[in-house]
Amino acid sequence: MRILVINGPNLNMLGIREPDIYGKATYDDLVEHVKQAAERLRVSVDFYQSNHEGDLVDRIQQAYGVYDGIVINPAAYTHTSVALLDAVKSVGIPTVEVHISDVREREDFRQVSYIRLGCIGTVMGKGFDGYVEALEMLIRTAGGKAETCGEACESPAPCEEKCESPAPCEEADR
């Protein structure tokens with residue numbers, strides 16, 4: 001299973017921007033956290049971050065036919081971008097909206113999410129672990145078919161626990 005993780009404006013500034021809300025961990029820390037979880041869950045992840053709405057729309061469109069799921073933190077574009085919503089709806093790829101903070105506890109203008117109308121779920125207020133929860137949601141949506149040693153696995157359990165392939169995990173296609 002291939003999943004694209006998209007992050008919108010200012011998420012490249014994690015660790016610097018409002019650490020009382022977003023913490024002191026950096027964007028690189030986020031990417032590493034999600035990579036480790038993806039490896040454990042036996043899914044392939046790619047990452048994209050942009051501060052530009054059109055670039056985010058382009059990347060969603062480029063995901064068509066390539067990815068099985070999208071995890072997106074549109075950041076400020078959550079509350080303003082019909083274009084991102086339309087892009088997600090146009091590709092038809094199961095998408096989960098993620099927010100590091102709990103936007104329900106923030107400013108009034110953050111209570112509107114356009115992209116949510118095109119998503120299968122939303123995870124918020126769980127920090128970096130929200131991205132992991134989004135990966136798990138996409139795996140469940142795909143019927144629990146994470147790639148494990150080149151075979152469809154009924155559970156996202158690590159290869160050693162579930163794999164029926166005689167090939168060692170490191171050598172098998174993922």
Side-chain contact test, heavy atoms from C-beta onward, threshold under 4.5 Å: evaluate it for [X] versus [Y] and give yes or no.
| X | Y | result |
| --- | --- | --- |
| Ile100 | Leu11 | yes |
| Leu138 | Val71 | yes |
| Ile70 | Val96 | no |
| Arg40 | Val132 | yes |
| Val98 | Lys126 | no |
| His99 | Pro74 | yes |
| His33 | Asp129 | yes |
| Val103 | Ser101 | yes |

Straight-line distance of [X] [atom1] to [Y] [atom2], nearest 0.5 Å:
| X | Y | atom1 | atom2 | result |
| --- | --- | --- | --- | --- |
| Tyr67 | Gln62 | OH | CD | 9.5 Å |
| Ile60 | Asp86 | CD1 | CG | 10.0 Å |
| Ile21 | Leu14 | CD1 | CG | 11.5 Å |
| Ile93 | Ile120 | CD1 | CD1 | 12.0 Å |
| Asn12 | Arg17 | CG | CZ | 9.5 Å |
| Gln111 | Arg104 | CD | CZ | 9.0 Å |

Taking all heavy atoms of [X] and all of [Y], pick out the closest pair and write down the distance.
| X | Y | result |
| --- | --- | --- |
| Asp55 | Tyr48 | CB-OH, 3.4 Å |
| Ala134 | Val123 | N-CG2, 4.3 Å |
| Gln49 | Gly8 | NE2-O, 3.0 Å |
| Lys24 | Pro19 | CG-CB, 4.1 Å |
| Glu53 | Leu84 | O-CD2, 4.3 Å |

Q) Around atom CG of Asp20, are there more than 12 heavy atoms of other residues, nucleotides or ligands at under 6.0 Å? A)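 Counting other residues, nucleotides and ligands, CG of Asp20 exceeds 12 neighbours.
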Are [X] and [Y] joined in one hydrophobic group, where the rule is that I, L, V, M, F, W and Y side chains link up if heavy atoms are under 4.5 Å apart?
| X | Y | result |
| --- | --- | --- |
| Ile72 | Phe128 | no |
| Tyr64 | Val88 | yes |
| Val43 | Leu30 | yes |
| Leu56 | Val66 | yes |
| Val112 | Val82 | yes |

Phe47 and side-chain contact (heavy atoms from CB on, under 4.5 Å): which single residue from Leu4, Ile3, Val5 fits?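 Single pass found, and it is Val5.
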Does the [X] side chain pair with the main chain of [Y], one donor and one acceptor, at a distance under 3.5 Å?
| X | Y | answer |
| --- | --- | --- |
| Ser81 | Thr78 | no |
| Asp29 | Thr26 | yes |
| Tyr77 | Asn51 | yes |
| Thr141 | Ile139 | no |
| Asp68 | Arg2 | yes |

- From CA spacing to verdict: side chain to side chain contact (heavy atoms under 4.5 Å, CB included), Val57, Gln61: CA-CA 6 Å; Val57 168; Gln61 291 175 355; 3.6 Å; yes
For [X] and [Y], does a side-chain donor sit closer than 3.5 Å to a side-chain acceptor?
| X | Y | result |
| --- | --- | --- |
| Glu97 | Ser113 | yes |
| Ser50 | Arg59 | no |
| Asn10 | Tyr22 | no |

- Task: Might you work through the side chain to side chain donor-acceptor pair (under 3.5 Å) test for Asn7 and Tyr131, ending with a clear yes or no?
- Result: CA-CA 11 Å; Asn7 285 287; Tyr131 288 80; 2.5 Å; yes
